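In what follows, every chain begins at residue 1, and chains take the letters A, B, ... in the order their sequences are listed. Worth saying up front: this structure is predicted, and the values here are computed from it rather than measured.
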There are 2 protein chains.
Amino acid sequence: MKRKITLKQIAKELDVSISTVSKSLRNSLEIGEETRLKVQAFAKFYNYKPNNIALSLKNRKTKSIGIIIPEIVHHFFSTVINGIEQVANEHGYSVVICLSDDSFDKEVLNMEMLANGSIDGFIMSLSKETQFKGDFHHITEVINQGMPVVMFDRVTNDILCDKVIIDDKAAAYEAVQSLIDNGRKKIALVTTVDYVSVGKLRTDGYEKALLDNGIPFNEDLIIKIEDVDTCEITISELLHDRAFDAVFAVNELFAVTIIKTASKMGLKIPEDLAVIAFTDGIISKYSTPSITTVSQSGEKMGNKAAKMLIERLEAEHDEDEDENENYTTEVIETHLIKRESTD
Amino acid sequence: MKRKITLKQIAKELDVSISTVSKSLRNSLEIGEETRLKVQAFAKFYNYKPNNIALSLKNRKTKSIGIIIPEIVHHFFSTVINGIEQVANEHGYSVVICLSDDSFDKEVLNMEMLANGSIDGFIMSLSKETQFKGDFHHITEVINQGMPVVMFDRVTNDILCDKVIIDDKAAAYEAVQSLIDNGRKKIALVTTVDYVSVGKLRTDGYEKALLDNGIPFNEDLIIKIEDVDTCEITISELLHDRAFDAVFAVNELFAVTIIKTASKMGLKIPEDLAVIAFTDGIISKYSTPSITTVSQSGEKMGNKAAKMLIERLEAEHDEDEDENENYTTEVIETHLIKRESTD
DNA sequence: TTTCAACACTACCACGTTTTCGTAAACCAA
DNA sequence: TTGGTTTACGAAAACGTGGTAGTGTTGAAA
């Protein structure tokens, strides 16, 4: 068990000073060729690699970026991480991931833990509880300390920073419009209890599409679901009354559950019931019938978020005191992926 | 934009020495109460938090653990990360994640990047390419430097370290046995090209179950699939001949594809074709019909792996030179989750 | 012979912490 | 007063690195 070798050890071994070793390895001209080569050979032999921690301390840069998301076992978030990691890696950054479990306290804790020097900047999506509370002091604090933050998907207007989102309202509008175009009149919206920003926006889009097409907006057709496992009853009752002939679900889990319930009742998809879901994940693709979805390219969001963050990190160096923080909000394109659940 | 405050700044501001500040904050008795309280109040007011990087450098401990996995957009791996994160968090560790994309080079690169001080230990699952090449020098090197490594799922016998696996062979055996118990005789195995260790083991279990039940092992019933998207043809041909009445698939993607293909051909599941898949993910749960699977609790694997690693990290401190590395291999229990795709 | 540059290298500082050791001042007993 | 202990604090080293500013030697030009 040989510990990693340091400059100091090399210096001692070769009987030169630490600086000589350091300079030799960086090919400085101040060092004579003989010494330089000797040091380099020695370093190579012992596989010398500078210690990241020491470098971080010295440069005040860790070359790693912190990601805070509500959960990781979720296709959308995994793809975002994937997207972030790609760009980060290209630029020599590593990613540190913390999960908030949709809890405010964990989000705060994790941010504080990472903010004390561990990372150079944050990419995050708000936890449900944080959105509900509307308490963002932990984020402002981090930003005030000069640490750049990029928010994605679940963002808030209360914080000024770079953001990456999709146009939830427009996407929902498009989805509902396509149902209407196919002759559907009674379109239900299946959503979550809506303190989460995106749920609200999607509902807005749904409503607008209806109204623009002269279809009255009916509160009874908005089904709010707290827990997926208990929603079957509600849905089957409504289906029994043939209260609607199409469904727009805010996520694919709701969609697939509805389809399963409807199928059990003998309804044909899409003839008797058309279904569109938000968020394109694996379930939609492999469900029977496969589900038409609104794509929400997590990878692209991740790419973009990482790019924005890294750009800001590298820029900071130069400007320094230039306080014109022109934050931008990037909107990622969505489109409808037509599959078997619609005609 | 106020930068984070340091001990030095506090010291200067209060006109005491750095050591006094440090000691006051750690409630050392050597410091008089008056000074101590003054310092603490000041520190609290300016929200002083020790710098993690400096602490890491001093303590030679980063309190973070590195995870290297082939990909993150994969339910199994997400759950493992989840499991690791839970335990890590409880013990005050953060996790740094790097993706190998199943590439040997990226795996090596990422490990080298993290090994230079960024983390205290690794939890990893081998990339396909690494398993194929059989080149593990990057891992031995890290271990030789005294950095503990825990491998999970895709492991190798060529490396001595702690491991967390499931008994792939036994699990496959159990699955196939259950098909046989239900009267199936012509059982196909759908697997990947098998340089990945687990594929091999599952095949072994499949074979053993057949032989133990006096069913001849038929090479033609082993279907090796390179790419999911192109496998439909192969499968439909075989199904057409009614070459088999049951399928054991090494992952749920294969399983769901088979079910879709069979359904299109008018076959009834499970009457005409029973299906069991390895790896319990969301697809199996929400597919129609839902798929019977071998559970492979990623979360438990993650929990266990993290526990093993952290235990070793905390222990190291004491023993130090005690070289009796008694590595263990933990086997996580699996069980069959019966769903609609079998009778 | 002096001076000046080039060369080859070393000293020192800073990054932020903790910790060991040291020491001045105050107090007490003899 | 002397010697010893306690109280309250400070100096400095260490972790590993990298940059700036020296320092001393040599050789050559003035």
To the nearest angstrom, how far is A/Leu57 atom CG from C/dA14 atom C1'?
9 Å
Once the angle between the rings of A/Tyr46 and A/Phe42 is folded into 0 to 90°, is it parallel (under 30°), tilted (30 to 60°) or perpendicular (over 60°)?
tilted
Residue whose closest nucleotide on DNA chain D lies nearer the 5' end, A/Ile5 versus B/Asp15
B/Asp15
Nearest to the side chain of A/Asn51, heavy atoms from C-beta on, is which of D/dG10, D/dT17, C/dT17?
D/dT17
Shortest side-chain distance from B/Lys23, nucleotide among D/dC15, D/dG18, C/dT20:
C/dT20
A/Ile31 side chain, from C-beta outward: closest of C/dC9, C/dG16, C/dT19:
C/dC9
Roughly, in whole Å, what's the span from CG in B/Leu14 to C1' in D/dC9?
14 Å
Which part of the nucleic acid does A/Ser19 contact within heavy-atom distance under 4.0 Å: base, sugar-phosphate only, or nothing?
base
A/Glu33 atom CD is separated from C/dA8 atom C1', nearest whole Å, by 13 Å
Which whole-number value in Å describes the distance from B/Glu34 CD to D/dT7 P?
17 Å
Gap between atoms CG and C1', on A/Leu7 and D/dC15 respectively (whole Å):
13 Å
With a non-hydrogen cut-off below 4.0 angstrom, is A/Thr35 in contact with a base, only sugar-phosphate, or nothing?
sugar-phosphate
Nearest listed nucleotide, side chain of B/Ser22, among C/dT10, C/dC9, C/dT19:
C/dT19
Just the rounded figure in Å: distance from C1' of D/dC15 to NZ of B/Lys61.
15 Å
Output the single nucleotide from D/dG18, C/dC15, C/dT10 whose closest atom is nearest the side chain of A/Pro50.
D/dG18
Separation of C/dT17 atom P from B/Lys63 atom NZ, nearest Å, is 18 Å
By nearest atom, which of the nucleotides C/dT17, D/dG16, D/dG10 is closest to the B/Glu30 side chain?
D/dG10
Nearest nucleotide by nearest heavy atom, which residue falls closer to the 5' end of DNA chain C, A/Val16 or B/Ile18?
A/Val16
Spacing of A/Asn59 atom CG relative to C/dG16 atom C1', expressed in whole Å
14 Å
Select base, sugar-phosphate, or nothing to describe what A/Thr6 touches, counting heavy atoms under 4.0 Å on all strands.
sugar-phosphate
Residue mapping more 5' on DNA chain D - nearest nucleotide basis, A/Gln9 or B/Arg36:
B/Arg36
Can you identify which nucleotide, out of C/dT10, C/dT17, D/dG16, has its nearest atom closest to the A/Lys58 side chain?
D/dG16
Over 12 foreign heavy atoms within 6.0 Å of CG, B/Asn27:
yes
